[in-house]
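One structure below.
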Amino acid sequence: MELWFTEKHTPYVQFSIKIEKQLYAAKSEFQRIDILESREFGRILTLDGYLMLTEKDEFIYHEMITHVPMAVMPHARKVLIIGGGDGGTAREILRYKTVESIDLVDIDKMVADACRKYIPQTAASLDDPRVKCHFEDGLKYIRHHENEYDLIIVDSTDPFGPGEGLFTKEFYGNCYKALKDDGIMVNQHESPFYPADSYAMQRAHKRIFESFPISRIYQAHIPTYPSGHWLFGFASKKYHPILDANWQKWKSLDIKTRYYNPKLHAGAFALPTYVEDIIREVE
Ligand code: SAM
């Protein structure tokens, strides 16, 4: 009997991965959590049936959501990750010795515990002494912090379910307040291709654009995400993502990556015309 994981990318498009076995299945207070074993993508984490990461391609997402802002701000010391309970984003940030502390705020401790057990390649970072995990709602956490962080990374689920609040004007406004005066916020920014994802991206961008003086969008190719064309938001109080990138300094850190590099960093902000048009509609 064949077992397949299938995710509906639209009502008319499905994406399937052949599964060798189910390693973990649970329902937390917030969401259904599954960890599956596959031949092609290794282990897969899904939340409420939506693919979050696979062992094979998670490096793309986690390198792009971290090294782009860190190449602009290699002096970052205090970092806040909202979501990211799988530990992949924290793993990449920990590669910077100048980072003194990472506050990781994930609403669901069960995600972190399941990933610690079944996906150590990302979750081992959660036990690093520089990482402090807070298992609570990021929307509430951010209300009580001001002028504290150099970098905020919003590594959330999609804009429904527990993650919905992390795409609101209130949340982005509070992230602005929680950042130092040269702070940067980067967020997973959905996708431009399918209508529902494109609408979510446009709505989030409008709210971020209204909250930050500098707000740009960049892209990466993530095979297991809907359409493979995935976006990230770069919002800043002071720095431009390309003009202020310090690639000399970044290269001197000798951080070995498999996807990110300075040329790709610059190129990632060169968006297709149809994506620029969608963005311009709300700017
Ligand atoms: N997309 C990432 C990737 O590709 O590796 C994975 C995202 S990470 C698993 C998303 C996390 O956001 C989940 O662990 C979920 O529990 C968390 N989350 C959802 N809503 C949240 C909220 N309101 N506050 C904090 N964390 C939240």
Side-chain angles (χ1 to χ4, degrees), residues 7 24 26-36 41-66 80-93 102-123 125-126 131-145 152-168 170-172 174-175 178 186-191 197 200-201 204 219-226 228-233 259:
E7 181 180 350
Y24 177 84
K27 184 121 177 50
S28 76
E29 185 190 340
F30 306 99
Q31 54 209 337
R32 183 184 160 88
I33 307 165
D34 290 285
I35 296 180
L36 310 166
F41 285 99
R43 292 184 175 182
I44 301 169
L45 167 68
T46 76
L47 296 178
D48 281 340
Y50 291 96
L51 191 147
M52 289 289 129
L53 69 89
T54 80
E55 285 183 318
K56 185 171 181 178
D57 73 354
E58 60 85 5
F59 73 96
I60 302 172
Y61 175 95
H62 292 121
E63 287 189 15
M64 287 305 279
I65 208 169
T66 53
L80 169 62
I81 298 171
I82 304 262
D86 55 272
T89 297
R91 177 194 66 204
E92 293 302 312
I93 294 290
I102 298 173
D103 285 313
L104 188 142
V105 181
D106 197 301
I107 202 166
D108 197 342
K109 185 174 182 302
M110 282 177 71
V111 173
D113 293 344
C115 291
R116 273 192 176 97
K117 182 158 187 228
Y118 292 103
I119 311 182
Q121 83 179 40
T122 59
S125 64
L126 298 175
V131 178
K132 187 169 179 342
C133 291
H134 312 257
F135 295 109
E136 59 184 279
D137 186 342
L139 182 61
K140 296 193 180 93
Y141 177 91
I142 199 73
R143 289 176 186 151
H144 309 295
H145 294 266
I152 297 177
I153 298 177
V154 187
D155 176 14
S156 68
T157 44
D158 300 306
F160 41 77
E164 191 170 358
L166 305 182
F167 290 80
T168 59
E170 179 215 346
F171 175 71
Y172 295 134
N174 286 333
C175 285
V186 166
N187 66 296
Q188 84 84 359
H189 208 60
E190 301 297 303
S191 167
D197 297 330
M201 179 277 281
Q219 64 200 341
H221 170 254
I222 302 181
T224 53
Y225 279 8
H229 188 180
W230 211 253
L231 302 179
F232 299 87
Y259 190 88

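In each ligand, atom 1 is the first atom listed, and ligand 1 is the first ligand listed.
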Pairwise, report which nitrogen or oxygen atoms of ligand 1 are under 3.5 angstrom from protein nitrogen or oxygen atoms, and how far apart they are.
residue: ligand 1; atom: 1 (N); partner: Y225; partner atom: OH; Å: 3.0
residue: ligand 1; atom: 4 (O); partner: M52; partner atom: O; Å: 2.6
residue: ligand 1; atom: 4 (O); partner: Y225; partner atom: OH; Å: 2.0
residue: ligand 1; atom: 5 (O); partner: H62; partner atom: NE2; Å: 3.0
residue: ligand 1; atom: 14 (O); partner: D106; partner atom: OD1; Å: 3.4
residue: ligand 1; atom: 14 (O); partner: D106; partner atom: OD2; Å: 2.6
residue: ligand 1; atom: 16 (O); partner: Q31; partner atom: NE2; Å: 2.9
residue: ligand 1; atom: 16 (O); partner: D106; partner atom: OD1; Å: 2.7
residue: ligand 1; atom: 20 (N); partner: P162; partner atom: O; Å: 3.2
residue: ligand 1; atom: 20 (N); partner: G163; partner atom: N; Å: 3.3
residue: ligand 1; atom: 23 (N); partner: D137; partner atom: OD1; Å: 3.0
residue: ligand 1; atom: 23 (N); partner: P162; partner atom: O; Å: 3.0
residue: ligand 1; atom: 24 (N); partner: G138; partner atom: N; Å: 2.8
residue: ligand 1; atom: 26 (N); partner: I107; partner atom: N; Å: 3.1

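The number of heavy-atom neighbours closer than 6.0 Å to CZ of F30, taken from other residues, nucleotides and ligands shown, is above 12.
Aromatic ring pairs are classed by plane angle as parallel below 30°, tilted from 30° to 60° and perpendicular above 60°; the pair Y225 and W230 is perpendicular. Below 30°, between 30° and 60°, or above 60°: for Y61 and F232 the angle between ring planes is between 30° and 60°, a tilted geometry.
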V154/F171 under side chain to side chain contact (heavy atoms under 4.5 Å, CB included): CA gap, chis, key distance, verdict: CA-CA 10 Å; V154 187; F171 175 71; 3.8 Å; yes
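Partner V105 forms a side-chain contact (heavy atoms from CB on, under 4.5 Å) with one of K140, E136, K132 and no other, that one being E136.
Residues E170 and L139 form a side-chain contact, since some pair of their non-hydrogen atoms from C-beta on lies under 4.5 Å apart.
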